[in-house]
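Below is one structure, written out as structure tokens; the observations come after it.
Small disclaimer: the values here were computed from a predicted structure and weren't measured.
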Amino acid sequence: PIGIIGMATAGLIAAIMSTADSALNSAGVMFAHDVVRPLCDRKKWELNDLKFVKIATLLLGATAAFLAYQSNNIIKLLFYSAALLGPLTTIPLIAGATGLKTNAKTFFISLCATLQTFVLASLLLNSKDLAALISIIVNGISYTLLHITQRDKV
């Protein structure tokens with residue numbers, strides 16, 4: 001019946017919106033708490049956490065909407081983001097699971113090196129799979145070397 005199809009469609013759209021809302025909220029909170037809060041504490045600046053989370057969520061949502069609008073293939077954009085997520089999280093996840101304690105400086109420097117490598121390799125090689133593999137290797141090397149040099153500062 002027509003009414004049941006409409007209800008099912010509305011339920012599916014509600015589930016998708018709820019998932020997207022949760023992801024945006026989590027990203028805004030993590031950005032405010034894990035990136036901006038340590039910077040403000042170091043500079044001794046006051047930060048209204050709730051207001052900044054709202055702003056960060058708005059900016060992340062606007063960026064996601066812009067990227068989705070610019071892309072002519074949303075599935076390709078999804079695969080591109082998944083190809084980027086792997087190199088950024090693989091080595092820190094393995095290090096955390098094995099109990100390797102490191103500092104934020106090591107994480108962020110290796111993250112920047114990985115991002116640069118991924119973008120450069122993607123442009124030069126025209127292969128996201130090979131770029132992801134090279135980026136994971138660069139992340140592992142940079143993370144390990146930085147951990148060794150920063151070990152006394154943890």
Closer than 3.5 angstrom, by distance alone: can the side chain of [X] be matched with the main-chain N or O of [Y] as a donor-acceptor pair?
{"X": "Thr63", "Y": "Leu59", "answer": "yes"}
{"X": "Thr106", "Y": "Thr102", "answer": "no"}
{"X": "Asn139", "Y": "Ile91", "answer": "no"}
{"X": "Ser110", "Y": "Phe107", "answer": "yes"}

Identify the heavy atoms of [X] and [Y] that sit nearest to each other, and give their distance.
{"X": "Thr98", "Y": "Ala95", "value": "OG1-O, 3.1 Å"}
{"X": "Ala83", "Y": "Ala132", "value": "O-CB, 3.7 Å"}
{"X": "Thr89", "Y": "Leu85", "value": "OG1-O, 2.8 Å"}
{"X": "Leu84", "Y": "Pro87", "value": "O-CD, 3.3 Å"}

How long is the straight-line distance from [atom2] of [Y] back to [atom1] of [X], given to the nearest 0.5 Å?
{"X": "Ile16", "Y": "Asp21", "atom1": "CD1", "atom2": "CG", "result": "13.5 Å"}
{"X": "Ile136", "Y": "Thr114", "atom1": "CD1", "atom2": "OG1", "result": "9.0 Å"}
{"X": "Ser142", "Y": "Ile137", "atom1": "OG", "atom2": "CD1", "result": "12.0 Å"}
{"X": "Lys54", "Y": "Asn25", "atom1": "NZ", "atom2": "CG", "result": "11.5 Å"}
{"X": "Leu115", "Y": "Leu120", "atom1": "CG", "atom2": "CG", "result": "12.5 Å"}
{"X": "Leu60", "Y": "Met30", "atom1": "CG", "atom2": "CE", "result": "9.5 Å"}

Check for me, please, whether [X] and [Y] land in the same ILVMFWY cluster - side-chain distances under 4.5 Å, paths through other members count.
{"X": "Leu133", "Y": "Ile141", "result": "yes"}
{"X": "Phe118", "Y": "Leu88", "result": "yes"}
{"X": "Ile134", "Y": "Ile109", "result": "no"}

Side-chain contact test, heavy atoms from C-beta onward, threshold under 4.5 Å: evaluate it for [X] versus [Y] and give yes or no.
{"X": "Asn48", "Y": "Leu50", "result": "yes"}
{"X": "Ile55", "Y": "Lys51", "result": "yes"}
{"X": "Thr57", "Y": "Phe52", "result": "no"}

* side chain to side chain contact (heavy atoms under 4.5 Å, CB included) between Tyr143 and Leu100, intermediate numbers included -> CA-CA 11 Å; Tyr143 195 90; Leu100 180 69; 4.0 Å; yes
* Asked: Hey, is CZ on Phe79 packed in by over 12 heavy atoms from elsewhere, all under 6.0 Å?
  ->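 Open.
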